[in-house]
Amino acid sequence: MTAPLTTRVLRADAEAIAEAARVLHAGGLVAFPTETVYGLGADAGNGEAVARLYAAKGRPSFNPLIAHVADPSAARKLAEFDTAAAERLAAAFWPGPLTLVLPKSAPCPVADLATAGLDSIALRVPTHRVAQDILRSFKGALVAPSANRSGHVSPTTAAHVLADLGGRIDLIIDGGPTQLGIESTIVACLGGSPALLRPGGVSRQAIEHVLQQKLREAPKTGAATDAPRAPGMLASHYAPRTPLRLDVRRVEPDEALLAFGPTLAEGAERAAKVLNLSVLSDLGQAAANLFSHLRALDTAGASAIAAMPIPHEGLGEAINDRLRRAAAPR
Ligand code: TXA
Ligand code: MG
């Protein structure tokens with residue numbers, strides 16, 4: 001590792017946005033809020049900046065990055081919108097928490113390292129005002145993975161980013177907690193029927209409604225070695241350090257409880273710590289709380305984090321996906 005950087009944290013005002021654009025143009029790394037989670041941005045066209053980004057995250061370089069742009073017309077310069085599905089999804093959900101994987105345009109200004117040598121590219125148009133302002137001020141595409149160390153839970157506040165990446169990146173733009181709290185939904189439109197690669201902030205039902213068609217499932221892998229076919233599907237990911245136990249109806253005294261809904265699991269009164277994702281069983285609220293609650297329970301010194309069952313509908317699919325990955329053996 002190189003010498004530690006001084007990581008500055010700036011409140012998201014006009015001056016901070018201009019500074020973010022300057023640092024990015026100089027090849028630096030800037031974390032900023034999006035409506036889903038905080039992203040760690042780098043100039044998508046600058047291979048060296050992208051290499052520094054992988055190093056800062058400790059991310060395997062076969063795991064490609066999402067290119068973020070300010071509007072759909074900028075997206076069209078990076079990828080082929082050659083299917084009706086891609087057109088429909090972009091029209092319905094951009095700007096917003098949907099990422100489209102499309103054939104890369106030729107030539108494409110995004111560094112090959114950012115797409116891990118694939119001939120497809122993941123694109124997203126965030127709606128968050130601060131992300132929009134930075135993209136417009138930078139005037140180009142930014143690759144931005146979630147701003148956490150590889151394998152840790154995604155950050156939903158500037159403090160989470162600082163805890164994970166302090167000393168490893170140049171700047172954090174603090175725009176307060178993110179609204180959705182869970183990453184974007186990723187859909188691949190690469191010919192054939194569109195496939196759901198990652199459930200996220202836009203529900204499967206909403207997408208299928210727009211497409212008037214069922215989404216295909218992504219090939220299940222879990223092995224780092226078939227990265228080129230389905231990157232980002234590493235089974236163990238988004239993980240707290242404390243082991244996670246799922247679908248818990250009875251919590252042990254030395255465990256911390258990740259609760260959901262008005263009725264707590266049996267034994268909750270003796271748990272080491274209890275945090276409720278949503279007392280009212282609201283899945284949107286649960287998604288927004290997921291990563292910060294996991295982080296907080298991770299510091300409770302418990303033998304395990306016991307998670308109550310979450311209904312597998314709407315945003316529940318994305319929440320269960322993240323919980324399953326966080327619980328996977330490492
Ligand atoms: O909400 C989000 O999407 C956040 C915010 C910051 O925008 N970003 C995010 O990025 O979650 P990241 O890097 O943590 O996750 C991106 C996922 C990875 O699993 C990666 O493998 C997948 O997108 N991906 C990127 N390019 C791909 C491609 N060409 N084909 C398939 N999957 C791809
Ligand atoms: Mg991530």
Side-chain angles (χ1 to χ4, degrees), residues 30-42 44 50 53-54 56-69 78-80 93-104 108 110 112-128 130-132 134-135 141-156 160-161 164-165 173 175 178-190 194-202 218-219 221-222 224 226-239 287 291 318 321-322 325-326:
V30 178
F32 58 86
T34 79
E35 67 276 23
T36 57
V37 299
Y38 273 71
L40 178 60
V50 175
L53 189 154
Y54 281 120
K57 274 189 67 95
R59 173 173 218 163
S61 56
F62 50 71
N63 200 354
L65 304 169
I66 299 172
H68 295 61
V69 289
L78 306 181
E80 305 295 337
F93 297 110
W94 279 355
L98 176 72
T99 294
L100 292 177
V101 173
L102 302 171
K104 212 170 160 178
C108 177
V110 171
D112 280 335
L113 183 58
T115 50
L118 297 173
D119 51 17
S120 61
I121 184 168
L123 292 176
R124 166 154 139 69
V125 181
T127 183
H128 195 288
V130 174
Q132 275 285 331
I134 291 175
L135 285 165
L142 294 174
V143 285
S146 50
N148 52 278
R149 292 286 280 273
S150 188
H152 288 190
V153 297
S154 292
T156 57
H160 293 162
V161 179
D164 253 31
L165 295 175
I173 304 297
T178 60
Q179 297 103 311
L180 282 166
I182 203 155
E183 301 87 342
S184 61
T185 304
I186 306 181
V187 175
C189 298
L190 296 170
L196 182 65
L197 299 189
R198 177 176 77 182
V202 179
T221 66
D226 26 5
R229 242 182 350 112
M233 304 304 285
L234 303 180
S236 170
H237 197 26
Y238 308 104
F291 293 125
D321 171 78
R322 303 308 186 271
R325 285 169 200 277

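Whatever order the structure lists ligands and atoms in, that order sets their numbers, starting from 1. All heavy atoms count here, side chains included; hydrogens, waters and symmetry mates do not.
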> Please identify which atoms of ligand 1 are closer than 4.0 Å to at least one heavy atom of Arg198.
2 (C), 3 (O), 9 (C), 11 (O), 15 (O), 16 (C), 17 (C)

> Going by the atom numbers of ligand 1, which of them fall below 4.0 Å from some non-hydrogen atom of Ser146?
8 (N), 9 (C), 10 (O), 12 (P), 14 (O)

> Would you please name every residue forming a salt bridge (Lys or Arg N to Asp or Glu O under 4.0 Å) with Glu80, sequence neighbours left out?
none

> Check Ala141 against Leu78 and note the closest heavy-atom contact, atom names and distance.
CB-CD1, 3.9 Å

> Is Thr34 close to ligand 1, meaning an N/O of one under 3.5 Å from an N/O of the other?
no

> Only counting residues at least two apart or in another chain, list the ones meeting side-chain hydrogen bond (donor to acceptor under 3.5 Å, both in side chains) with Thr99.
Ser184

> Does only the side chain of Leu197 get under 4.0 Å from ligand 1, or the backbone, or both, or neither? Count heavy atoms.
side chain

> Phe32 and Leu142: side chain to side chain contact (heavy atoms under 4.5 Å, CB included), yes or no, with the steps?
CA-CA 11 Å; Phe32 58 86; Leu142 294 174; 4.2 Å; yes

> Please confirm whether His68 approaches ligand 1 to less than 4.0 Å, judged on its heavy atoms.
yes

> What atoms of ligand 1 come within less than 4.0 Å of a heavy atom belonging to Gly39?
6 (C)

> Can you sort out which atoms of ligand 1 are near Leu118, meaning under 4.0 Å from one of its heavy atoms?
28 (C), 29 (N)

> Say whether, by atom type as modelled, one donor and one acceptor occur between the side chain of Thr34 and the main chain of His128 under 3.5 angstrom.
no

> Using a strict threshold of under 4.0 Å (side-chain N to carboxylate O), is an ion pair present between Glu183 and Arg124?
no

> Show which atoms of ligand 1 fall inside a sub-4.0 Å distance from at least one heavy-atom site of Asn63.
18 (C), 19 (O), 20 (C), 21 (O)

> Need the ligand 1 atom indices (1-based, order shown) with element for anything under 4.0 Å from a heavy-atom of Ser184.
1 (O), 2 (C), 3 (O)

> For Asn148 and Pro155, which heavy atoms make the closest approach, and how far apart are they?
OD1-CD, 3.6 Å

> Can you tell which part of Pro145 has a heavy atom less than 4.0 Å from ligand 1: side chain, backbone, both or neither?
both

> Under the side-chain contact (heavy atoms from CB on, under 4.5 Å) test against Val143, which residue among Thr115, Ile121, Leu113, Val50 passes?
Val50

> Any idea which heavy atoms bring Gly175 and Tyr38 closest together, and the distance?
N-OH, 3.1 Å

> The Mg ion (ligand 2) and Ser150: any N/O/S contact shorter than 2.8 Å?
no

> Quick check on contacts: which atoms of ligand 1 are under 4.0 angstrom from a heavy atom of Ala122?
25 (C), 26 (N), 27 (C)

> Do you know the tightest heavy-atom contact between Ala79 and Leu123?
CB-CD1, 3.5 Å

> Does even one non-hydrogen atom of Thr115 get within less than 4.0 Å of ligand 1?
no

> Below 4.0 angstrom from a heavy atom of Ala144, which ligand 1 atoms are there? Numbered from 1 as shown, please.
6 (C), 8 (N), 10 (O)

> Purely on distance, is any nitrogen or oxygen of Tyr38 under 3.5 Å from one on ligand 1?
no

